[in-house]
Novice: 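Here it is: the structure, laid out below.
For the numbers below, each heavy atom of this structure counts, side chains included, while hydrogens, waters and symmetry mates do not.
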Amino acid sequence: MTKKEQKRYVVGLGEALFDCLPEGSKLGGAPANFAYHASQFGFDAMAVSALGNDMLGDQARKEFDQKKLRYIMPTVDYPTGTVQVTLDDEGVPTYDIKTDVAWDNIPFTPELENVARHARAVCFGSLAQRNTVSRETIQKFLAATPEDCLKIFDINLRQNFYTKEVICDSLNACDILKINDEELVTIGRLFGYPGLDIENKCWLILGKYNLKMLVLTCGVNGSYVFAPKKKSFVDTPKVEVADTVGAGDSFTGSFTAAILEGKTIEQAHKRAVKVSAYVCTQKGAMPEINTENYII
């Protein structure tokens, strides 16, 4: 690869799956959602996972191609991941995530190592680390990134697919933690932070793990970004909710894009809130957005 061809990638690394919603299956998975939304703001974004040699794997590749989203998703001897999504009356999802699937078995290949060495940002979570194969791939990828690569840990606690060890290792490896209010309660219990309010828990985690930023989303109650000696709060806009699937990922993708553009934390935060509010008005996790509406 010549110097001219060495692009810097914004990478979503982890699960690729289909959300089986009441109206049918929709392609999703936090890393692909993240990469898609970063790509809409003009970044060379890429989704990294694994797919099965099956109809859903073929469908995933076709949809990524249609969305013009780059991907590295080798075919492995496991079925493409699926999640049964049930929505309540307010469109809030609960998930039944199938195990022993393709994204549990992402191989670390020379191609993937080359992407890691040219990563400008990478977003990863706890869910794709539930199995040893993908966990080791994620750790190797993070270790191969350049010093200036922005590492975002979108914690994404699902069912019982996480351990204290995985969370600790990930917090030590990341620059930015993205977490929601329910996950923060779980972390408080897991790490023994009793009696602390939401903000003090966030300040404690920020300092303990030497993070550049901690992003906390609280659903209809707004969202925060904490950084050393800085705090941003933005109210959640009232919108007609279709479903909230992928809203958090759109927040993370658009926030990261703004930070990489050199925007302030406050500017990035406002964009992220606006984008995720729009995604809530649409069905599924990857609606197309008009980025001109989100210039800050």
Side-chain angles (χ1 to χ4, degrees), residues 7-16 28-49 67-72 115-116 118-128 138 141-142 145-156 170-171 173-180 183 202 206 209 211-217 223-228 230 232 234 246-279 285-289 291 293-296:
K7 290 183 176 178
R8 297 293 303 274
Y9 300 107
V10 176
V11 180
L13 172 58
E15 64 273 15
N33 296 341
F34 165 86
Y36 176 69
H37 287 289
S39 76
Q40 293 201 90
F41 286 95
F43 286 89
D44 288 311
M46 180 182 293
V48 174
S49 190
K67 291 180 182 295
K68 297 182 171 59
L69 178 62
R70 296 187 63 165
Y71 58 90
I72 294 177
V115 170
H118 298 97
R120 189 172 178 188
V122 55
C123 184
F124 65 103
S126 63
L127 180 56
I138 289 170
F141 187 99
L142 294 173
T145 58
E147 200 172 318
D148 66 346
C149 176
L150 191 65
K151 301 180 202 61
I152 304 103
F153 178 39
D154 187 349
I155 194 165
N156 210 16
S170 299
L171 285 169
C174 76
D175 302 302
I176 299 175
L177 169 65
K178 160 78 173 1
I179 191 167
N180 67 33
E183 291 165 340
C202 291
L206 184 83
Y209 293 97
L211 302 175
K212 290 179 180 174
M213 292 172 229
L214 187 155
V215 179
L216 173 69
T217 57
S223 57
Y224 300 81
V225 180
F226 298 89
K230 186 173 287 192
S232 172
V234 177
D249 306 325
S250 70
F251 187 112
T252 314
S254 50
F255 180 84
T256 301
I259 292 295
L260 293 176
E261 288 168 14
K263 305 297 184 188
T264 66
I265 285 173
E266 291 81 7
Q267 288 171 324
H269 191 183
K270 284 174 184 172
R271 173 193 283 176
V273 168
K274 200 173 174 185
V275 169
S276 61
Y278 173 73
V279 171
M286 296 190 205
E288 191 172 340
I289 64 169
T291 55
N293 296 335
Y294 303 94
I295 294 169
I296 38 178

Novice: Check A47 against A35 and note the closest heavy-atom contact, atom names and distance.
Specialist: N-CB, 4.0 Å

Novice: If we check ring-ring contact (aromatic ring centres under 6.0 Å, His included) with F124, which of these qualifies: F153, F34, F141?
Specialist: F153

Novice: Under a 4.5 Å cut-off applied to non-hydrogen side-chain atoms, are L206 and P228 in contact?
Specialist: yes

Novice: If every non-hydrogen atom of L13 is compared with every non-hydrogen atom of V122, which pair is closest and at what distance?
Specialist: CB-CG2, 4.1 Å

Novice: Can you give me the closest heavy-atom contact between S223 and T217, atom names plus distance?
Specialist: CB-CA, 4.0 Å

Novice: What I'd like to find out is whether the side chain of T252 reaches to under 4.5 Å of the side chain of V215, using heavy atoms alone.
Specialist: no

Novice: Which distance, rounded to the nearest 0.5 Å, do you find between the CG of N156 and the OG of S170?
Specialist: 11.5 Å

Novice: Any idea which heavy atoms bring D175 and C149 closest together, and the distance?
Specialist: OD2-O, 3.3 Å

Novice: Would you mind reporting whether I152 and F255 have side-chain heavy atoms less than 4.5 Å apart?
Specialist: no

Novice: Roughly how far apart are L69 CG and S39 OG, rounded to 0.5 Å?
Specialist: 5.5 Å

Novice: Could you check if a side-chain atom of V273 sits within less than 4.5 angstrom of a side-chain atom of F251, using non-hydrogen atoms only?
Specialist: yes

Novice: Would you sort out whether E261 and F43 count as a side chain to side chain contact (heavy atoms under 4.5 Å, CB included), showing the intermediate values?
Specialist: CA-CA 10 Å; E261 288 168 14; F43 286 89; 3.9 Å; yes

Novice: Looking at side-chain heavy atoms only, is the closest gap between M213 and H269 below 4.5 Å?
Specialist: no

Novice: Can you check whether L260 reaches F41 side chain to side chain, under 4.5 Å on heavy atoms?
Specialist: no

Novice: Find the distance between NZ (K274) and OG (S254) and round it off to the nearest 0.5 Å.
Specialist: 11.5 Å

Novice: Donor-acceptor pair, distance only, cut-off 3.5 Å: does the side chain of S276 make one with the backbone of A247?
Specialist: no

Novice: What distance separates T256 OG1 from R120 CZ, expressed to the nearest 0.5 Å?
Specialist: 11.5 Å

Novice: Looking at residues at least two apart in the chain, or sitting in another chain, which of them share a side-chain contact (heavy atoms from CB on, under 4.5 Å) with A173?
Specialist: L142

Novice: Any non-hydrogen side-chain atom of Y278 less than 4.5 Å from a side-chain atom of S250?
Specialist: no

Novice: Hey, could you give me the CD1/CD1 distance between I259 and I265, rounded to the nearest 0.5 Å?
Specialist: 5.5 Å

Novice: Considering non-hydrogen atoms only, spot the tightest contact between S126 and I155 and give its length.
Specialist: OG-O, 2.5 Å

Novice: Under 3.5 Å, side chain of S49 to main-chain N/O of G14, donor-acceptor pair present?
Specialist: yes

Novice: Quick check: do D148 and R8 have side-chain heavy atoms less than 4.5 Å from each other?
Specialist: yes

Novice: Measure the spacing between CG of L214 and CD1 of I176 and express it to the nearest 0.5 Å.
Specialist: 10.0 Å

Novice: Restricting to non-hydrogen atoms, name the atom on E15 and the atom on A128 that form the minimum distance, rounded to 0.1 Å.
Specialist: OE1-CB, 3.5 Å

Novice: Test K230 against V225 for side chain to side chain contact (heavy atoms under 4.5 Å, CB included), laying out the working first.
Specialist: CA-CA 8 Å; K230 186 173 287 192; V225 180; over 6 Å; no

